[in-house]
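Encoded as structure tokens, the structure appears first; notes follow it.
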Amino acid sequence: MTNKTVEDLISRSNRLGADKRNTNFAGGNTSAKGIEKDPVTGEDVELLWVKGSGGDLGTLKAGNLAVLRLDRLQALKGVYPGVEREDEMVAAFDYCLHGKGGAAPSIDTAMHALVDAAHVDHLHPDSGIAIATAVDGEALTKQIFGEKVVWVPWRRPGFQLGLDIAAIKEANPQAVGTILGGHGITAWGDTSEEAEKNSLWIIDEAEKFIADNGKAEPFGAKLPGCAALPEAERRAKAAALAPVVRGLASADKPQVGHFTDDPRVLEFLESAEHPRLGALGTSCPDHFLRTKVKPLVLDLPADASVEESVKRLQELHAEYREDYQAYYDRHADAGSPALRGADPAIVLVPGVGMFSYGKDKQTARVAGEFYLNAINVMRGAEAISTYAPIEESEKFRIEYWALEEAKLARMPKPKSHATRIALVTGAASGIGKAIATRLAAEGACVVIADLNLENAEKVAEELGGPDVAVGVQADVTDEAQVAAAIDAAVLAFGGLDLVVNNAGLSISKPLLETTEKDWDLQHNVMAKGSFLVAKAAAKAMIAQGLGGDIIYISSKNSVFAGPNNIAYSATKADQAHQVRLLAAELGEHGIRVNGINPDGVVRGSGIFAGGWGAKRAAVYGVDEEKLGEYYAQRTLLKREVLPEHVANAAAVLTSNELSHTTGLHIPVDAGVAAAFLR
């Protein structure tokens, strides 16, 4: 039976987390203290329920809470070794846990345990952080809130901060919360409703004060030449730059990207103060852990050409890496974790927007959301004062915190296709859908390209939605639509690593019945379509500089001569030779080109469902529903080939297991001796 205290805590947390003006994704934490029966003694025991490490308030569930005994948490004050060793207290939380399961306690557990209030909220609202990062934040706190909210000078999250806030509450019984310098807010209440009310009151009062007293142009005057480009021009430039920028951001390790041209980003980049503020970087620990200490900002006007922009971005990237190495060297000591990478996580392009990067799409998207939070914070702080984030040395202490390193070490091993971005044509059904599904399961981000947009979007949603897959409409015979599909891929996920030329159809007729239209249609879709897709994909991959994979779904018929399908088999032979030609040409760019030769894929196949199956069944003199069995019996292994078997081959061919293989055709036909490659 669920504890009413827990129910109220989850409801409050979900309400607070659903509104991003209250806190960022996965940021902040909430808690409640209450009574439950000890299953061993049968006596009442006072517990603390607090959001665990890594959880998100907006989607918080009971399983995301850490559950600890309050008496044991309070007893930790007696063994606290001091601020120099406070990290040791996180391990001590494990000895305070109550029962099995639950989330791992976060570094902020002490804040919730030690403050003498039944309900505590710690949040990262933009308005609150604007006050917390203002150069005169302490005076502003008193001016805005009077005696009801108390200023807490910057201190890294931990046991000592919990002691500090507890002492402040005890000394200020009239107070309902605090502004944490450089960081956020904490509020409390005797009931869940009161804590939530106090949190929202602090956020609302800060917002109101900034709105009523702030400057009209907190970011300064408009910079000539930095206004947002018209939407179509803006998106086209972003698509042209995206592969290059992703390549730069992936110099140390591959990253997935996210792009936004949010008006607030464009306004920031159009304003005179953006170079100064960008260089100051973010302040709230949740922000810069995901955005790095500062972004890379292109210092060219919006109408600079793509070529000029690329050249300057490459120069700025080299400077950024040198600067980040120097930052690490200034603050690292013998006990510091190794440098994790010197590439930017945020790249800002005036007139165009923001590119953000991470280990997967969600991480990249959230990094961008956090920098947008930082823009909002800087706007608020500059409107009423001067933005003054925490010292660089303190940022380093957070970024290279041993506890943060330990959290990273606990992350599961990446899947085989993690950080890889794939585009599969004809992916709304059959073999294409099976390949897209398998690649997504292996950690790839996937663009579902298909003639039928509705079906493509449906498959993308089935695979996990926009953080995993997106659907686009693409007629592969149309060069403009192919280019648009590639642009959609690089804008959705940052770049392109893997393309599967799967779109196809077949018309089964003998030579004398095959029309010129039949011939042209099949060659346009499969031979010409594969050429157009490969050409556009290779351009993006070369610009990216990360290598890549191009896979052709050819056919056993590319090498086997069978009756009554001259047009289909001829175009499949064309595709098969494209594999060899492109493997020879693109190898110098690290792009591998391989093919798969399936046969007899009846179940789930769009081609067979479109009438090909009935015609082939007639050729072989069997019932259509038994065509799969017929194909299986003529193979060496006597096994029916399914779309998933072709997907298996695609996954292996594009994995690191075959990193040194190009120009290969893999048969997936259960063994057809006449189609053996020689």
Side-chain angles (χ1 to χ4, degrees), residues 415-450 456 459-460 462-464 468-469 471 474 476 485 489 493 496-504 526 529-530 533-534 537-538 541 547-558 572 575-576 578-580 582-583 586 590-607 639-670 675 677:
K415 295 181 179 179
S416 64
H417 287 61
T419 74
R420 305 210 72 198
I421 299 158
L423 182 145
V424 184
T425 64
S429 63
I431 290 173
K433 181 179 179 181
I435 292 172
T437 301
R438 176 63 187 274
L439 293 176
E442 297 295 344
C445 299
V446 187
V447 177
I448 311 296
D450 201 272
V459 171
E462 290 173 2
L463 295 183
V468 177
V476 296
F493 299 117
L496 189 63
D497 303 303
L498 194 167
V499 163
V500 180
N501 274 316
N502 168 75
M526 291 178 284
S530 295
V533 171
M541 291 177 186
D549 282 284
I550 299 176
I551 298 292
Y552 279 67
I553 306 302
S554 184
S555 169
K556 170 266 295 179
N557 284 35
S558 65
K572 284 299 178 181
Q575 283 186 306
Q578 284 188 40
V579 168
R580 304 180 188 98
L582 295 186
L586 299 177
I591 300 171
R592 302 178 298 166
V593 188
N594 293 292
I596 300 173
N597 290 348
D599 182 50
V601 183
V602 177
R603 281 194 274 170
S605 168
I607 287 179
R639 296 174 184 169
E640 184 175 357
V641 180
L642 302 176
E644 289 72 21
H645 301 138
V646 184
N648 293 342
V652 173
L653 269 175
T654 56
S655 73
N656 285 332
E657 300 300 316
L658 292 181
S659 61
H660 289 58
T661 298
T662 191
L664 173 71
H665 283 86
I666 293 184
V668 183
D669 57 12
L677 296 169

Could you please spell out the steps behind the side chain to side chain contact (heavy atoms under 4.5 Å, CB included) verdict for Leu496 and Leu423? CA-CA 8 Å; Leu496 189 63; Leu423 182 145; 3.9 Å; yes
Heavy-atom check, side chain of Leu498 versus side chain of Leu439, under 4.5 Å: yes
Checking side chain to side chain contact (heavy atoms under 4.5 Å, CB included) for the pair Arg580/His665: CA distance, chi angles, key distance, verdict? CA-CA 9 Å; Arg580 304 180 188 98; His665 283 86; 4.2 Å; yes
Counting only N and O atoms by type, is there a donor-acceptor contact under 3.5 Å from the side chain of Asn502 to the main-chain atoms of Thr425? yes
Side-chain touch Val601/Leu642, heavy atoms, less than 4.5 angstrom: no
Are the side chains of Ser554 and Ile596 in contact, using a 4.5 Å heavy-atom criterion? no
Does a salt bridge link Glu462 with Lys433, judged by any charged N lying under 4.0 Å from a carboxylate O? yes
Trace of the side chain to side chain contact (heavy atoms under 4.5 Å, CB included) decision for Met541 with Ile550: CA-CA 10 Å; Met541 291 177 186; Ile550 299 176; 4.3 Å; yes
So, for Ala449 and Ala474, which heavy atoms are closest and what is the spacing to 0.1 Å? CB-CB, 4.3 Å
Donor-acceptor pair between Ser655 and His417 side chains, under 3.5 angstrom: no
Just verifying a value: how many Å separate Ser558 OG and Met526 CE, rounded to the nearest 0.5 Å? 11.5 Å
Distance check, rounded to the nearest 0.5 Å: Asn594 atom CG versus Leu582 atom CG? 11.0 Å
Does Lys556 use its side chain to pair, donor to acceptor, with the backbone of Pro667 at less than 3.5 Å? no
Between Ser416 and Glu442, do the side chains contain a donor N or O and an acceptor N or O under 3.5 Å apart? yes
Looking just at side-chain N and O atoms, do Ser530 and Gln578 make a donor-acceptor pair shorter than 3.5 Å? no
Test your reading of the model: is there a side-chain donor-acceptor pair from Asp549 to the backbone of Asp497, 3.5 Å cut-off? no
Is there a side-chain contact between Ile666 and Leu653, using heavy atoms and a 4.5 Å cut-off? yes
Find out whether Val424 and Ile551 are in side-chain contact, i.e. whether some heavy atom of one side chain is under 4.5 Å from a heavy atom of the other. no
Are any of the side-chain heavy atoms of Tyr552 and Val500 separated by less than 4.5 Å? no
Between Phe493 and Val468 the two heavy atoms that sit nearest each other are CZ-O, 3.7 Å
Pro598 versus Val646, closest heavy-atom pair with distance: CB-CG2, 3.9 Å
Is the backbone N or O of Lys572 less than 3.5 Å from a side-chain atom of Ser555, with the two atoms forming a donor-acceptor pair by type? no
For residues Leu463 and Ile448, determine if any side-chain heavy atom of one lies less than 4.5 Å from a side-chain heavy atom of the other. yes
Closest approach of Ala427 and Val459, non-hydrogen atoms and distance? O-CG1, 4.1 Å
In sequence, state the C-alpha distance, the side-chain angles, and the governing distance for Val533 and Val499, and then conclude on side chain to side chain contact (heavy atoms under 4.5 Å, CB included). CA-CA 8 Å; Val533 171; Val499 163; 3.5 Å; yes
Does Gly548 offer a backbone N or O that forms a donor-acceptor pair with the side chain of Arg420 under 3.5 Å? no
With a 4.5 Å cut-off on side-chain heavy atoms, are Asp599 and Asn557 touching? yes
On a heavy-atom basis, the closest approach of Val446 and Ala440 is CG2-N, 3.9 Å
For Asp669, the salt bridge (Lys or Arg N to Asp or Glu O under 4.0 Å) test, sequence neighbours excluded, returns none
Specify the closest pair of heavy atoms between Ser659 and Arg592, including all atoms of both residues, with the distance to one decimal. CA-NH1, 3.0 Å
